[in-house]
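Heads up: the structure comes next, in structure tokens.
This one's a predicted model, so the numbers in the text were calculated from it and none came from an experiment. Reminder, nothing fancy here: chain letters follow the sequence lines and each chain counts from 1.
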Amino acid sequence: MNIFRHFETRIEAALNALVTEGKLPAGLDFTRISVEPPREASHGDLSTNAAMVLSKPAGMNPRTVAELLVAKLRSETSVTEVTIAGPGFINLRLTNEVWLGGVLDVLAAGRAYGASDLGAGKAVNVEYVSANPTGPMHVGHVRGAVFGDALANLLEKVGYRVAREYYINDAGGQIEVLARSAFMRYREALGETITIPEGLYPGDYLMPVGQALAKTHGEKLKAMPDAEWMPIVRDTTMAMMMDLIRGDLAVLGITHEVFFSERSLHQSGAVDAVLKLLDDKGLIYKGVLERPKGDTSDDWEEREQTLFRSTQFGDDQDRALKKSDGSWTYFAPDIAYHFDKFNRGFTSMIDVWGADHSGYIKRVKAAVAAVTDNKAEIDVKVCQMVRLFRDGEPFRMSKRAGDFITLRDVVDEVGKDAVRFMMLTRKNDASLDFDFAKVMEQSRDNPVFYVQYAHARISSVLRKAADEGFDVSEAALAKADLSLLKDEAELGLVKLMGAFPRAIEQAAQAHEPHRIAFALNDLAAGFHGLWNKGKDDAGLRFILADNSDVTMARLALIRAAAHVLAAGLGVLGVEPAEEMR
RNA sequence: GGUCCCGUAGCUCAGCUGGAUAGAGCAUCGGAUUUCUAAUCCGACGGUCACAGGUUCGAAUCCUGUCGGGAUCACCA
């Protein structure tokens, strides 16, 4: 049970009763009413703004509304105290039983704790990574990959039906360049000495492609004209590059259900179809774009192109659909792609992009609005840059041949879990500093370690308790008498756990998985604090040899805390640690 | 020049979609351990929420403008 949500419905019921009794006018809008933990714990357990929100539409003084509502809420059995404070806040204090009941919920739910049906099974398409398939993934892709995956997890957690999707840009000129590069490696595999010309991809990772081509086709391809070997080499290369990328993603624990090919849109005629759709709506014309203001380059020239009227949908200028030579721009198939998502039943889409694509947001939103007649919602999440540091020193990645840090380099050095957690310790639209040393540091300053340590410590205590003869099975812990938990720090941790489902829901609604990382940090702090209280006061230790009832209650508490930590880490895609080494 | 993001404690950042006295970590200073792993904890110090207006019962949060930092711009993908 989500306590905050529960009281939202109780408050609403009380307000409806007041309306029925004629004490409040009918037709009030309750949607802005919220129930949240008060910032100051001394104010109580829950706080609602109901009286302040309703005072104006009801034409009443907020305190008058508050008093009416308070009279109703006093009769709630789980409420021990109701007060009106400040401009009209209503603060509630709840019985310990209510909060402790939440611990039982956690024990019953285990790692699934915090799940809800907020999304009601609605389909959401989350497209992320979508890195160009021209080589292994590099470090610049990691943040978006982790963010998108955690967001997908988060939405699943609250009851959305999530499709994880990767858009393969396999139709552009770069793919031809890639194929030519692979062809060089093919000749190399056949014994030629080659030098990769300027403009082609020099990376070693194409050597296996060349070898595979040589093995399958022998010398045959060499005898063919370009136009004949190109599709063969291209398809083999694409397939192998996508295998490479899938392998890279697997290292991060990421699996997409759908890999959607841009090329397939061209082949199926979907691009032509969606452009015709836009044309029929009168949203396409031939015209010339103005030179961007402030652009002083010499290579600017006017050209007539096929343009989409994205300005009608809030974009800053109309956007080119066709190049001056008549071929499609990247934008055209992208419209077709989003239209395809819509036709597959996704009225809710999320795209995760790097900051360098932020200028592209408005046109895609415009296009989605246009082709779906505003029947789909699209949110574009932009991940700002990651700056790499080693021991506090930034290091630059030169773009020179093959000299970049790959995703695997990073994961090999610090591990999947640390990478994932660290990437989610900042909100997506702020830039993030990633320090290899800091990620591995074993200190309070490193949230990855701090949260994992809390979980490992709990596991350690439970192992120890088992050694001492306590039954730490879930069934036994669920029967513990939780009313023996009376210390403020114990109840504090209990309340923190009770607030977790709310944190999940709010993070999901905001599309902000980083909030989970912060919630976990808070939970870990709550636990570490409690642990240390047991050092000052031996009576507060979890394991009391002479009091098995209290011991069982405390073991149940920390078991639940471990579940909540694991639940949150699960959303982030991180495995909880059983021990620290 | 346009667009997008950022600007909160000395540093790195949260701030629950407009609520109460703006919070953490690091750093500095002072404490706690014969341990259920001190890899931790407790306390103190530290703020003109970049600046100026506006919206309202109420603004770090929303709007306008200014300043500073970053990204981006037209047939690349």
Side-chain angles (χ1 to χ4, degrees), chain A residues 32 34 36-40 43 47 49 52 55-56 61-62 85-89 91 130 132 134 169 171-175 262 289-297 299-303 305 315-317 320 322-331 334 354-362 382 384-385 425-433 438 441-447 449-450 453-454 456-458 460-465 468 499 502-503 505-507 509-510 512 514-515 517-519 521-522 525 528-536 538 541-544 554-555 558 579-580:
Chain A
R32 284 183 58 224
S34 67
E36 48 190 67
R39 183 170 301 168
E40 192 69 39
H43 289 145
S47 174
N49 61 355
M52 286 178 290
S55 70
K56 200 167 193 180
N61 183 308
F89 288 102
N91 294 322
S130 299
N132 289 338
T134 54
N169 301 130
Q174 54 168 356
I175 298 303
E262 178 188 356
L289 288 175
E290 284 179 25
R291 181 193 190 99
K293 286 180 180 158
D295 179 80
T296 52
S297 56
D299 56 357
W300 172 264
E301 52 183 279
E302 285 195 351
R303 28 185 181 241
Q305 293 170 283
D315 200 357
D316 313 304
Q317 61 170 278
K322 283 188 179 179
K323 305 174 192 172
S324 49
D325 69 2
S327 63
W328 298 117
T329 62
Y330 174 80
F331 184 37
D334 217 7
D356 52 341
H357 285 62
S358 56
Y360 203 74
I361 296 174
K362 285 187 179 179
V382 167
Q384 291 293 325
M385 308 200 53
T425 54
R426 290 282 175 275
K427 59 183 171 214
N428 59 289
D429 43 18
S431 64
L432 182 151
D433 293 349
K438 180 60 64 66
E441 194 175 285
Q442 302 201 328
S443 78
R444 175 71 175 99
D445 196 24
N446 175 8
F449 166 78
Y450 187 70
Y453 182 38
R457 237 180 184 177
I458 293 172
S460 171
V461 173
L462 290 170
R463 280 194 297 270
K464 169 113 180 163
E468 295 186 10
R502 182 171 182 272
E505 285 192 356
Q506 292 198 321
Q509 279 170 327
E512 290 186 348
H514 77 276
R515 292 190 194 180
F518 283 92
N521 206 60
D522 290 346
H528 285 306
L530 184 56
W531 195 94
N532 275 276
K533 269 192 114 175
K535 269 187 330 194
D536 296 338
R541 294 192 173 195
F542 302 127
I543 301 172
L544 301 176
R554 288 179 182 168
L555 292 177
I558 62 171
E579 57 182 334
M580 306 305 287

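With a 4.5 Å cut-off on side-chain heavy atoms, A:D429 and A:V382 do not count as touching.
Using a 4.0 Å heavy-atom distance criterion, A:S47 is classed as a base contact. Within the 4.0 angstrom heavy-atom criterion, no nucleotide atom of any strand lies near A:G88. A:H514 comes within contact range of the sugar-phosphate backbone alone, with a heavy-atom separation under 4.0 Å but no base atom that close. Heavy atoms of A:A355 sit under 4.0 angstrom from primed sugar atoms or phosphate atoms, though from no base atom. Heavy atoms of A:E301 sit under 4.0 angstrom from at least one base atom. Nucleic acid contact class of A:R457 (heavy atoms, under 4.0 Å, all strands): sugar-phosphate only. Using a 4.0 Å heavy-atom cutoff across all strands shown, A:R515 reaches sugar-phosphate atoms only and no base atom. Residue contacts for A:K322: at a heavy-atom cut-off of 4.0 Å it reaches no nucleic acid atom on any strand shown. Within 4.0 Å of A:G172, counting heavy atoms only, lie sugar-phosphate atoms of the nucleic acid but no base atom. Within the nucleic acid shown, A:F542 comes within 4.0 Å of at least one base atom, counting heavy atoms only. Among the atoms of the strands shown, base atoms are found under 4.0 Å from some heavy atom of A:S460. Within the nucleic acid shown, A:K533 has no heavy atom closer than 4.0 Å to any nucleic acid atom. Nucleic acid contact class of A:A320 (heavy atoms, under 4.0 Å, all strands): sugar-phosphate only.
A:K535 has no side-chain polar atom (N or O) that falls below the 4.0 Å cut-off from OP1 or OP2 of B:U40.
Relative to the side chain of A:H528, the nucleotides B:A32, B:U40, B:A77 differ in distance, and B:U40 lies closest. If you check B:C36, B:A74, B:A77 against the side chain of A:L289, the one that comes closest is B:A74. Distance from the side chain of A:K464 is smallest for B:C36 among the nucleotides B:C75, B:C36, B:C4. Candidate nucleotides B:A14, B:G58, B:A20 were compared by shortest atom distance to the side chain of A:F518, and B:A14 ranks first. The listed nucleotides are B:U37, B:A77, B:A20; the one nearest the side chain of A:V461 is B:U37.
Atom CG in A:N428 sits about 14 Å away from atom C1' in B:U17, given to the nearest Å. Rounded to a whole Å, the CG atom of A:N49 is 15 Å from the C1' atom of B:U56. A:D433 has its CG atom 16 Å from the P atom of B:C6, to the nearest Å. Rounding to whole angstrom units, OH of residue A:Y360 and C1' of B:A77 are separated by 9 Å. Between A:E441 atom CD and B:A27 atom P there is a gap of 9 Å when expressed in whole angstrom units. Atom-to-atom, CG of A:L530 to P of B:U37 comes out at 14 Å; the value is rounded to the nearest Å. To the nearest angstrom, C1' of B:G31 lies 11 Å from CG of A:D536. B:C26 atom C1' lies 10 Å from atom CZ of A:R444, rounded to whole Å.
The base of B:A20 is paired with the side chain of A:N91 by a donor and an acceptor separated by under 3.5 Å. Taking only distance into account, the side chain of A:T329 never meets the base of B:A77 through a donor-acceptor pair shorter than 3.5 Å.
A 3.5 Å limit on both hydrogen-bonding distances identifies B:G70 as the Watson-Crick or G-U partner of B:C4. Under the Watson-Crick and G-U wobble criteria, each requiring two contacts below 3.5 Å, nucleotide B:U56 is left unpaired. Across all strands shown, nothing is found opposite B:A22 as a Watson-Crick or G-U wobble partner with both distances under 3.5 Å. Within the shown strands, B:G43 is the pairing partner of B:C29 under the Watson-Crick or G-U definition, both distances less than 3.5 Å.
Cation-pi geometry between A:K322 and A:W328 is met: under 6.0 angstrom from the ring centre, within 45 degrees of the axis.
Heavy-atom minimum distance, A:N91 versus A:A85: ND2-CB, 3.6 Å.
Both A:D316 and A:N532 sit near RNA chain B, but only A:D316 has its closest nucleotide nearer the 5' end. Each of A:R426 and A:Y450 lies near RNA chain B, and the nucleotide nearest A:R426 is the one positioned closer to the 5' end.
At most 12 heavy atoms of other shown residues, nucleotides or ligands fall within 6.0 angstrom of atom CZ in A:R32.
For the P atoms, the distance linking B:G70 with B:C75 amounts to 26 Å, nearest Å. Taking atom C1' on both nucleotides, B:G53 is separated from B:C41 by 47 Å, rounded to a whole Å. A distance of about 22 Å separates the P atoms of B:C49 and B:G65, rounded to the whole Å.
With 3.5 Å as the limit, one finds no donor-acceptor pair spanning the side chains of A:S443 and A:D445.
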